[in-house]
Amino acid sequence: MNSLDAQARLEARVTGRVQGVGFRQFVRYHARRLGLTGWVRNEPDGSVYLVAEGPRELLEQLLDAVRQGPPAARVDDVQMHWLPARGEFEAFEIRWW
């Protein structure tokens with residue numbers, strides 16, 4: 001099986017200066033460019049949480065972008081969990097609590 005065929009789920013919490021700097025739009029742009037599905041949202045504690053599904057190799061590329069963030073952001077930490085894909089998303093969107 002090709003590595004692009006293996007679907008995975010990435011759940012990640014990003015901390016640092018990640019709210020009010022276009023971080024969610026940045027994540028949505030990169031996720032959509034990579035053809036991933038899922039969502040991203042601001043959390044009450046100032047972090048950003050994202051859930052993305054797709055080929056593991058493409059999720060790793062999204063993680064690389066998330067670790068950099070947009071120009072105004074400062075990413076201090078990315079805590080991530082890898083899980084089996086559930087196939088529950090149609091697109092990648094920004095969510096609100």
Side-chain angles (χ1 to χ4, degrees):
M1 178 163 59
N2 182 321
S3 65
L4 286 178
D5 294 336
Q7 299 288 303
R9 180 184 183 102
L10 168 67
E11 296 190 9
R13 179 177 306 280
V14 187
T15 55
R17 188 172 65 234
V18 293
Q19 290 192 13
V21 293
F23 202 91
R24 292 173 300 164
Q25 292 82 358
F26 175 88
V27 172
R28 180 179 60 186
Y29 168 80
H30 285 281
R32 287 181 173 178
R33 182 178 60 81
L34 292 165
L36 302 172
T37 61
W39 53 266
V40 60
R41 73 177 178 218
N42 284 343
E43 294 291 296
D45 65 2
S47 67
V48 168
Y49 197 82
L50 68 99
V51 176
E53 291 191 352
R56 172 84 183 229
E57 181 179 318
L58 298 179
L59 291 168
E60 295 275 6
Q61 290 179 39
L62 178 63
L63 258 182
D64 289 343
V66 165
R67 286 185 180 111
Q68 295 299 310
R74 185 194 71 245
V75 176
D76 293 338
D77 189 39
V78 180
Q79 297 175 341
M80 68 202 110
H81 302 284
W82 294 99
L83 302 161
R86 298 182 193 162
E88 63 187 289
F89 308 118
E90 304 255 331
F92 196 95
E93 62 189 19
I94 293 174
R95 288 191 178 172
W96 290 264
W97 320 295

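Numbering starts at 1 and runs along the sequence shown. No hydrogens, no waters, no symmetry mates; every other heavy atom, side chains included, goes into these values.
- In this structure, OG1 on T37 lies 12.0 Å from CZ on R86, to the nearest 0.5 angstrom.
- Under a 4.5 Å side-chain heavy-atom cut-off, the cluster of Ile, Leu, Val, Met, Phe, Trp and Tyr residues that includes Y49 is completed by W39, V51, F89.
- For S47, the side chain to side chain donor-acceptor pair (under 3.5 Å) partners are R13, D45, not counting sequence neighbours.
- Atom CD of Q68 sits in a sparse spot, with 12 or fewer heavy atoms from other residues, nucleotides or ligands closer than 6.0 Å.
- With rounding to the nearest 0.5 Å, the separation of CD in E60 from CZ in R56 is 5.0 Å.
- Put simply, W82 and L36 are part of the same group of oily side chains (I, L, V, M, F, W, Y) that touch within less than 4.5 Å, one to the next.
- Looking at residues two or more places apart in sequence or on another chain, you find a salt bridge (charged side-chain N to carboxylate O under 4.0 Å, His left out) between R9 and E11, E53, E88.
- Checked by atom type and distance alone, the side chain of Q19 pairs as donor or acceptor with a backbone atom of E43 at under 3.5 Å.
- L83 and L58 end up in different hydrophobic clusters when Ile, Leu, Val, Met, Phe, Trp and Tyr side chains are linked at under 4.5 Å.
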Just distance, no hydrogens or angles: give the donor-acceptor pairs under 3.5 Å from side chains in residues 22-32, sequence neighbours left out.
| unit_1 | atom_1 | unit_2 | atom_2 | d |
| --- | --- | --- | --- | --- |
| H30 | ND1 | R33 | NH2 | 3.2 |
| R32 | NE | F92 | O | 2.9 |
| R32 | NH2 | F92 | O | 2.9 |

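- A search for salt bridge (charged side-chain N to carboxylate O under 4.0 Å, His left out) contacts involving D64 returns R67, not counting sequence neighbours.
- With rounding to the nearest 0.5 angstrom, the CG atom of L62 is 6.5 Å from the CG atom of L10.
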What donor-acceptor contacts under 3.5 angstrom involve side-chain atoms of residues 71-81, with partners at least two apart or in another chain?
| unit_1 | atom_1 | unit_2 | atom_2 | d |
| --- | --- | --- | --- | --- |
| R74 | NE | D76 | OD1 | 2.9 |
| R74 | NH2 | D76 | OD2 | 3.1 |

